[in-house]
2 protein chains.
Amino acid sequence: MEHDQSSRTLTEKAYRALRHDIVIGALQPRAKLKLDELCSRYEVGHAPLREALARLVGEFLVVSEGQRGFWVAPLSLEELHSVNRLRTLVEVEALQDSIRLGDEAWERDVRDAFTALASIEQDILHRGAIMDSPHADEWEACNERFHSALIAACGSPTYLNIRATLYRRAERYRRVARKFERDVHEEHVSLFEATIDRNALRACRLTEHHIARRVDGILRHAGEHTDWR
Amino acid sequence: MEHDQSSRTLTEKAYRALRHDIVIGALQPRAKLKLDELCSRYEVGHAPLREALARLVGEFLVVSEGQRGFWVAPLSLEELHSVNRLRTLVEVEALQDSIRLGDEAWERDVRDAFTALASIEQDILHRGAIMDSPHADEWEACNERFHSALIAACGSPTYLNIRATLYRRAERYRRVARKFERDVHEEHVSLFEATIDRNALRACRLTEHHIARRVDGILRHAGEHTDWR
DNA sequence: GGGATATAAAATATCGATTTTTTATTGACT
DNA sequence: AGTCAATAAAAAATCGATATTTTATATCCC
């Protein structure tokens with residue numbers, strides 16, 4: 001039996017599972033992370049679990065206080081804005097480089113990722129635009145793949161890594177607003193077209209606009225119900 | 001006996017020590033981090049050491065491969081440029097907000113930090129501008145305090161945290177170039193004055209210029225001798 | 001009754017030993 | 001000689017038990 005990179009060690013298994021559950025909100029913001037509870041939940045011992053938690057502390061998804069334990073990092077309006085602002089800066093810079101440097105293989109990946117994303121988005125729109133959990137998972141995966149593909153050719157692993165961590169932090173907020181907006185799809189179409197046309201200026205403007213609109217959407221649909229401080 | 005936050009747990013102790021040794025280069029880029037060796041070096045057991053390493057993986061100072069262990073993250077031209085570019089973006093954004101929002105207490109902190117930094121820099125210039133290890137430590141601490149103070153009033157913990165991690169990643173490169181340039185001091189003076197004058201536009205331009213010049217300096221003094229890939 | 005103090009329970013942090021995996025070494029075979 | 005396989009050594013990963021610290025509870029005194 002083969003094991004891929006993500007299940008080679010129990011630490012990695014615990015890390016993936018914890019990260020997933022925090023990002024999708026199964027473990028709620030500010031929730032106390034009790035070690036014994038998590039050990040049985042994920043079927044790992046103390047050592048790998050604590051390692052996974054420590055790594056998530058480094059990624060700002062978990063907070064810890066010496067001798068007092070671990071908590072799921074809280075959500076806040078401040079973080080929502082800051083993370084998406086930084087994401088914008090990073091994606092705009094990287095997209096410029098990617099459009100300049102990308103070859104045919106990159107273009108193909110972008111097309112493939114867009115096709116998959118567009119297909120799911122039309123599906124969701126047909127169904128009435130309410131995202132239940134499996135649809136949200138599917139859409140998030142495709143959305144991540146598309147945005148990741150756009151900047152994949154930027155030539156900077158550093159940018160790609162930072163973007164990935166910012167994206168996950170932003171996803172926690174998206175998951176709260178479960179309504180899918182038609183605009184999102186239209187924005188993806190324009191962004192795709194501008195990128196394939198190698199119109200860097202337009203693609204960057206669209207990226208800025210896209211992320212800003214998503215923040216607005218999150219505030220609109222989820223703002224009143226949450227206790228973000 | 002009182003213990004401050006940084007020495008409450010062995011994990012924290014190991015984390016600080018490891019981070020310090022990586023940042024200053026005592027543990028060289030790409031060095032294999034053997035667990036037993038580090039355990040005796042820092043006088044901690046396996047568990048806290050591995051936790052510290054996991055956290056550093058999350059901060060991009062250590063890389064790990066399942067079942068194969070840990071290494072000090074390599075240096076590269078790509079990372080040097082990317083990290084400093086991101087730092088610029090973050091510091092410029094945060095500085096704008098800080099200048100807009102900062103009160104008298106902030107202004108005092110900026111003045112104090114600048115005074116301390118300027119005094120050390122003049123000291124170093126008198127001595128011939130070669131930084132040995134203790135001087136470099138002293139200067140780095142003051143430089144960090146000054147740049148941190150500038151943006152402290154920006155109102156965004158998220159920005160401050162990200163800036164801190166980017167700053168440490170950049171410090172690894174600065175530590176290689178041991179010559180202190182007179183320009184650095186002059187740039188700090190201008191940046192300080194523009195900030196106190198609440199001239200946000202000028203302060204941001206100076207920040208961009210300052211960081212770009214530092215990258216140039218690093219490349220000039222250290223570029224030929226290193227094996228960055 | 002209220003507040004400080006001692007005690008008990010819960011949870012975290014840590015260690016030392018064991019298991020598993022990787023890496024290095026040796027020796028056989030073509 | 002060079003490749004492959006088997007074996008030995010090294011290192012990482014994990015577990016289970018213990019020590020330490022924090023938090024909750026109950027008790028006593030004013």
Side-chain angles (χ1 to χ4, degrees), chain A residues 1-22 27-74, chain B residues 1-22 27-74:
Chain A
M1 167 104 187
E2 297 264 328
H3 288 281
D4 65 9
Q5 190 76 349
S6 60
S7 61
R8 284 169 61 83
T9 68
L10 291 180
T11 294
E12 193 74 13
K13 176 186 164 188
Y15 166 74
R16 298 267 175 187
L18 262 168
R19 196 181 73 180
H20 179 258
D21 285 352
I22 291 170
L27 292 169
Q28 295 218 342
R30 293 176 190 271
K32 183 72 201 286
L33 295 169
K34 297 193 188 176
L35 298 184
D36 292 334
E37 214 169 288
L38 295 176
C39 285
S40 42
R41 176 170 181 159
Y42 299 121
E43 296 176 295
V44 298
H46 275 187
L49 184 78
R50 291 183 62 91
E51 257 181 75
L53 287 168
R55 189 156 156 201
L56 291 166
V57 168
E59 297 178 14
F60 302 104
L61 293 177
V62 167
V63 293
S64 75
E65 223 173 305
Q67 310 281 32
R68 296 199 53 244
F70 299 86
W71 293 261
V72 178
Chain B
M1 168 105 186
E2 297 264 329
H3 288 280
D4 65 8
Q5 190 76 346
S6 60
S7 60
R8 284 171 60 83
T9 68
L10 292 180
T11 294
E12 192 74 14
K13 177 186 163 188
Y15 166 74
R16 299 267 175 187
L18 262 169
R19 195 181 73 179
H20 178 259
D21 285 352
I22 290 170
L27 292 169
Q28 295 219 341
R30 293 176 190 271
K32 181 72 200 286
L33 295 168
K34 296 192 188 177
L35 299 184
D36 292 335
E37 215 169 287
L38 296 176
C39 284
S40 43
R41 176 171 180 157
Y42 299 120
E43 297 176 295
V44 297
H46 276 186
L49 184 77
R50 291 184 62 91
E51 261 180 71
L53 286 167
R55 190 156 155 202
L56 291 165
V57 168
E59 297 178 14
F60 302 104
L61 293 177
V62 167
V63 293
S64 74
E65 224 174 305
Q67 311 281 31
R68 297 197 54 243
F70 300 86
W71 293 261
V72 178

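Since this is a predicted model, take the numbers as computed values, not measurements. Convention: sequence-line order gives letters A, B, ...; per-chain numbering from 1.
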Send over the distance from [X] [atom1] to [N] [atom2], rounded to a whole Å.
X	N	atom1	atom2	result
E12(A)	dA12(D)	CD	C1'	14 Å
Y42(B)	dC15(C)	OH	C1'	20 Å
Y15(B)	dA13(C)	OH	C1'	18 Å
L49(A)	dA13(D)	CG	P	16 Å
K34(B)	dT21(C)	NZ	P	21 Å
E51(A)	dA12(D)	CD	P	12 Å
L53(A)	dT12(C)	CG	C1'	12 Å
L10(B)	dT12(C)	CG	P	17 Å

At their closest point, which heavy atom of [X] faces which heavy atom of [Y], and how far apart are they?
X	Y	value
K32(A)	G69(A)	CE-CA, 4.3 Å
P29(A)	P74(A)	CB-CA, 4.3 Å
W71(B)	L33(B)	C-CD1, 3.7 Å

Rounded at 0.5 Å granularity, tell me how far CG in L27(B) sits from CG in L61(B).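 So the CG of L27(B) and the CG of L61(B) are separated by 11.0 Å.
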Which listed nucleotide ([options]) is nearest to the side chain of [X]?
X	options	result
Q67(A)	dA13(C), dT22(C), dT14(D)	dA13(C)
T9(B)	dT14(C), dT22(C), dT12(C)	dT14(C)
K32(B)	dA12(D), dC15(D), dT22(C)	dA12(D)
T11(B)	dT14(C), dA13(D), dT22(D)	dT14(C)
D36(A)	dT14(C), dT12(C), dA12(D)	dT12(C)
H46(A)	dA17(D), dC15(D), dA11(D)	dA17(D)

Residue pair E51(A) / L53(B), side-chain heavy-atom distance below 4.5 Å: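 They are not in contact (no side-chain heavy atoms under 4.5 Å apart), so the answer is no.
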Using a 4.0 Å heavy-atom cut-off across all strands, classify L33(A) as base, sugar-phosphate, or nothing.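 Here L33(A) touches the backbone only, sparing every base.
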Phosphate-side-chain proximity, R50(B) and dA12(D), N/O vs OP1/OP2 below 4.0 Å: no
Any side-chain N or O of R68(B) under 4.0 Å from OP1/OP2 of dA11(D)?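 No, no such contact exists.
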